[in-house]
Amino acid sequence: MNVLVYDNEEQIGIAAGNYMCGQVLAKPDSVLGLATGSTPLKPYGHMIKLYEQGAVDFSKVTTFNLDEYCKIDVNDINSYHRFMHDNLFNHINIPEENINFLNGNTDNPEEECKAYEEKIKKAGGIDIQLLGIGSNGHIAFNEPSDSFQRWSHVVALKESTIKDNSRFFKSIDEVPTHAVTMGIGSIMQAKRILIIAIGENKAKAIKQLIDGDVTPQCPASVLQFHKDVTLMLDKGAASLL
Ligand code: PGA
């Protein structure tokens with residue numbers, strides 16, 4: 001694993017934004033796997049800046065987002081669909097038809113998840129997957145459990161995740177209890193993985209990711225088996241290494 005430690009979040013934003021855009025420059029029709037949460041905000045900001053400066057063109061790019069809450073309107077301020085449009089898609093020239101999300105409002109989640117996997121395959125697979133990490137070691141919404149879930153699936157969110165994410169909602173009772181998420185296999189099939197962690201509350205999960213046992217109790221630990229992983233950490237997230 002390529003572990004890079006930065007002084008602050010601004011520096012990570014620039015480095016991670018450059019990394020993602022570098023992929024698009026090398027392969028204009030890249031397939032990007034994208035993430036939501038606080039962590040990718042600065043990288044997305046830098047990608048927008050590079051686009052505005054004319055340094056990168058997203059017109060041939062395809063994207064697949066990692067996950068989405070169940071039973072939340074796509075235009076709701078807390079939907080990941082809305083998050084991505086507000087923080088990236090509305091500011092760059094990616095065609096709307098190239099943007100893909102799991103549908104958390106489907107009546108047939110199994111079919112939905114199967115179709116999503118097929119679509120990723122048909123697009124040629126994900127060239128680079130951007131990931132955050134939960135304080136409990138989750139990646140996407142693959143929560144700690146007794147086994148790795150291979151493909152996209154519906155998941156009941158852990159209390160720790162509901163608590164972490166409640167900061168975006170008016171009250172904790174409003175946080176959805178379920179989500180649809182890419183599986184560990186979907187993520188592991190990405191050709192390259194960029195994982196970012198900011199803050200001391202991620203330090204334990206990062207330590208386990210890098211030199212703990214590979215166990216579904218820390219889903220991120222599976223990344224030890226991937227051949228091309230880059231970690232960008234601030235000093236807080238790297239504090240236990
Ligand atoms: P965060 O979430 O970026 O909001 O910390 C990361 C995650 O839960 O994967």
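Every number for a ligand or one of its atoms is a count from 1 in the order of the listing. The shown structure was predicted, so the numbers you read here are calculated from the model rather than taken from an experiment.
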Should you measure from each heavy atom of [X], which atoms of ligand 1 turn up under 4.0 Å away?
X      : result
Thr39  : 1 (P), 3 (O), 5 (O)
His138 : 7 (C), 8 (O), 9 (O)
Gly134 : 7 (C), 8 (O), 9 (O)
Gly37  : 3 (O), 4 (O)

Pair [X], [Y]: side-chain N/O donor-acceptor within cut-off below 3.5 Å:
X      : Y      : value
Lys119 : Asn100 : yes
Ser239 : Glu200 : no
Tyr69  : Asn165 : yes
Glu96  : His85  : yes

Q: Using distance alone, decide if ligand 1 has a nitrogen or oxygen within less than 3.5 Å of any nitrogen or oxygen in Ser38.
A: yes

Q. Looking only at heavy atoms, is any part of Leu131 under 4.0 Å from ligand 1, and if so is it the side chain, the backbone, or both, or is it neither?
A. neither

Q) Around atom NZ of Lys191, are there more than 12 heavy atoms of other residues, nucleotides or ligands at under 6.0 Å? A) yes

Q: For the pair Phe101 and Phe89, name the ring-plane relationship: parallel under 30°, tilted 30 to 60°, perpendicular over 60°.
A: perpendicular

Q) Looking only at protein heavy atoms, which one is nearest to atom 6 (C) of ligand 1, and how far off is it? A) Ile133 O, 3.6 Å

